[in-house]
There are 2 protein chains.
Amino acid sequence: MNIGEVAIQTGLPAKTIRYYEDIALITPRRADNGYRSFDASDLHKLTFLARARALGFAIEDCRLLLELYEDESRASADVKRVAQDHLGKIEAKIADLKAMHETLAHLVAACAGDDRPDCPILNGLSELPERTANKAMNHLPLDAPHSNA
Amino acid sequence: MNIGEVAIQTGLPAKTIRYYEDIALITPRRADNGYRSFDASDLHKLTFLARARALGFAIEDCRLLLELYEDESRASADVKRVAQDHLGKIEAKIADLKAMHETLAHLVAACAGDDRPDCPILNGLSELPERTANKAMNHLPLDAPHSNA
DNA sequence: CTTGACCTTCCCATTACTGGAACCTTTATG
DNA sequence: CATAAAGGTTCCAGTAATGGGAAGGTCAAG
């Protein structure tokens, strides 16, 4: 099976599939013409990866999950721990986003949105906040870049 | 005022402040020794930027907001539109994350998490989902990279 | 034979920084 | 006064996970 067909089957862009081979998540064999030739196992792995990515797992988590998936003697506890960790991160992000949303929604609601320059949003961004929730005002820029290592 | 003190005042890392100068968000003057010398206006702008970033605005949105902030003849409608756009993106991300969370939480709950290999999480990632919510299973990898352009 | 649809590799761009090297300036101390 | 520590400077590279596009090989059809 060529990469185009695999892309269709898995929903992953061909570019992404090549990248996954690059970082050794999959190792499809090569046909004589140099084309990648994907078998059922490759397809399963890619499907697995696509699902794990869709659930927001980082690539390295996916790698780990894939290893566990292939390891018949795994302990489900290991899988569960990875998943629970990730669940925790998702919850943290949701909390951050909700805090941002609340603060911003207040500002937006207070803004007339007309042709006059007076703007509570800009005021809120320049003045020190008064009664708006801003626990998320520490810099956690939407996706907590390196804070979780 | 030197960069270190500004870093303390604004809560922004010195590296970030230099970066903001690099991309022309601020243009502090230079002292004779080559050090950046920040005045009150620079400090205000950086504080503004820090707050806008904390609310999740992208750098280019921050640039725009900063321009509006400095423009005495702005229309608050312009500001409001930017903020509302962003609010929409935040809502979309929250929705994605919630969908992920729901799916993953179900799987985690079903996993024994012991030393046996049997694992509903891995099963859920490999088999085609049955009754789990997966509207977010299209690939929106947590932060919707290029989908909003 | 050529067109077009595939496939290949390779390199650059993205976002918003962070880390580190190599080097200069200022300040504090023995 | 010498020196070391604590600041500052620039520049280069790396991050996560792709996406875009160039330059070129391969294959099936007309």
Side-chain angles (χ1 to χ4, degrees), chain A residues 1-26 28-38 46 49-50 52-64 66 86 89 93 138-149, chain B residues 1-26 28-38 46 49-64 66 86 89 93 96 138-149:
Chain A
M1 204 177 192
N2 282 352
I3 200 168
E5 182 62 24
V6 175
I8 291 165
Q9 300 275 333
T10 61
L12 291 170
K15 277 265 178 182
T16 298
I17 297 170
R18 292 194 193 99
Y19 172 67
Y20 288 173
E21 187 194 17
D22 247 37
I23 62 174
L25 285 177
I26 51 168
R29 57 169 275 270
R30 294 298 180 120
D32 293 343
N33 56 10
Y35 287 16
R36 288 169 185 81
S37 186
F38 298 84
L46 286 169
L49 288 169
R53 289 289 297 128
L55 288 181
F57 284 101
I59 289 281
E60 289 312 309
D61 282 347
C62 292
R63 188 191 303 277
L64 183 48
L66 198 50
H86 182 48
K89 287 178 196 167
K93 285 182 194 182
N138 310 316
H139 44 109
L140 283 167
L142 262 190
D143 50 342
H146 289 265
S147 50
N148 48 354
Chain B
M1 205 176 193
N2 282 351
I3 200 168
E5 182 61 25
V6 175
I8 291 166
Q9 300 275 333
T10 61
L12 292 169
K15 276 267 181 182
T16 298
I17 298 170
R18 292 196 193 98
Y19 173 65
Y20 287 172
E21 186 192 19
D22 247 39
I23 62 175
L25 285 177
I26 50 169
R29 58 169 274 268
R30 294 299 179 118
D32 291 343
N33 57 9
Y35 287 16
R36 286 167 187 81
S37 187
F38 299 83
L46 286 170
L49 289 168
R51 298 237 172 88
R53 290 289 297 129
L55 288 181
F57 284 102
I59 288 283
E60 288 313 309
D61 282 347
C62 291
R63 188 191 302 279
L64 184 47
L66 197 51
H86 182 49
K89 287 178 195 166
K93 285 183 192 180
D96 285 355
N138 309 315
H139 44 112
L140 284 167
L142 264 188
D143 51 340
H146 290 265
S147 51
N148 48 355

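As the structure is a prediction and not an experimental result, all values here were calculated from the model. Labels below follow one simple rule: chain letters A, B, ... track the order of the sequence lines, proteins then strands, and each chain is numbered from 1.
Among the nucleotides dA17(D), dC7(C), dT8(C), the one closest to any side-chain atom of Arg30(A) is dT8(C).
For the helix from dC1(C)-dG30(D) to dG30(C)-dC1(D), the angle separating the two terminal helix axes comes to 30°, with each axis derived from five pairs and the value rounded to 10°.
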Close N or O pairs between protein and nucleotides 1-4 of chain C (under 3.5 Å):
none

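Using a 4.0 Å heavy-atom cutoff across all strands shown, Ala58(B) reaches sugar-phosphate atoms only and no base atom. At the heavy-atom level, Ile3(A) lies under 4.0 Å from the strands shown only through sugar-phosphate atoms.
Residues meeting the side chain to side chain contact (heavy atoms under 4.5 Å, CB included) test with Arg30(B), sequence neighbours left out: Glu21(B), Arg36(B).
Distance CG (Asp22(B)) to P (dT15(C)): 15 Å, rounded to an integer number of Å. For the pair Leu25(B) CG and dA16(C) C1', the interatomic distance rounds to 11 Å; values are reported in whole Å. Straight-line distance from the CG atom of Leu49(B) to the P atom of dA16(C): 12 Å, rounded to whole Å. Put simply, CZ on Arg63(B) is 15 Å from C1' on dC17(C), counting in whole angstrom units. Regarding Lys89(A), its NZ atom lies at a distance of 12 Å from the P atom of dA16(D), rounded to whole Å. Protein atom CG of Asn2(B) is 12 Å distant from nucleotide atom C1' of dT9(D), rounded to whole Å. Atom OH in Tyr20(B) sits about 14 Å away from atom P in dT15(C), given to the nearest Å. Between the CD1 atom of Ile59(A) and the P atom of dT15(D) there is a distance of 14 Å, rounded to whole Å.
The 5' end of DNA chain D is approached more closely, in terms of each residue's nearest nucleotide, by Gly4(B) than by the other of Tyr19(A) and Gly4(B). Along DNA chain C, the nucleotide nearest Lys15(B) and the nucleotide nearest Glu60(B) are compared for position; the residue whose nucleotide lies closer to the 5' end is Glu60(B).
Side-chain contact between Arg63(B) and Leu49(B) is absent, with no heavy atoms from C-beta onward closer than 4.5 Å. Residues Leu25(A) and Tyr19(A) fail the side-chain proximity criterion, which asks for heavy atoms closer than 4.5 Å.
Put simply, CD1 on Ile17(B) and CD1 on Ile26(B) are 6.5 Å apart, with the number rounded to the nearest 0.5 Å. Note that the CG atom of Asp22(A) and the OG1 atom of Thr16(A) stand 11.5 Å from one another [nearest 0.5 Å].
Closest of all the heavy-atom pairs between Arg53(A) and Cys62(A) is CD-SG, 3.8 Å. The two residues Asp61(B) and Phe57(B) make their nearest non-hydrogen contact at CB-CD2, 3.9 Å. The minimum heavy-atom distance linking Ser37(B) with Pro28(B) is given by the pair O-CB, 3.9 Å.
Applying a 4.0 Å cut-off to non-hydrogen atoms, the residues of residues 31-38 of chain B that approach DNA chain D are Gly34(B), Tyr35(B), Arg36(B), listed by residue number.
Side-chain atoms of His86(B) come within 3.5 Å of backbone atoms of Leu55(B) as a donor-acceptor pair (strictly under, hydrogens ignored).
Contact annotation: Arg18(B) does not reach the phosphate of dA16(C) (side-chain N/O to OP1 or OP2, under 4.0 Å). Distances shorter than 4.0 Å separate none of the side-chain N or O atoms of Thr16(A) from OP1 or OP2 on dA17(D).
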Table please: side-chain donor-acceptor pairs of residues 1-10 of chain A below 3.5 Å, with sequence neighbours left out.
{"unit_1": "Glu5(A)", "atom_1": "OE2", "unit_2": "Gln9(A)", "atom_2": "NE2", "d": "2.8"}
{"unit_1": "Thr10(A)", "atom_1": "OG1", "unit_2": "Val6(A)", "atom_2": "O", "d": "2.8"}
{"unit_1": "Thr10(A)", "atom_1": "OG1", "unit_2": "Leu12(A)", "atom_2": "N", "d": "3.1"}

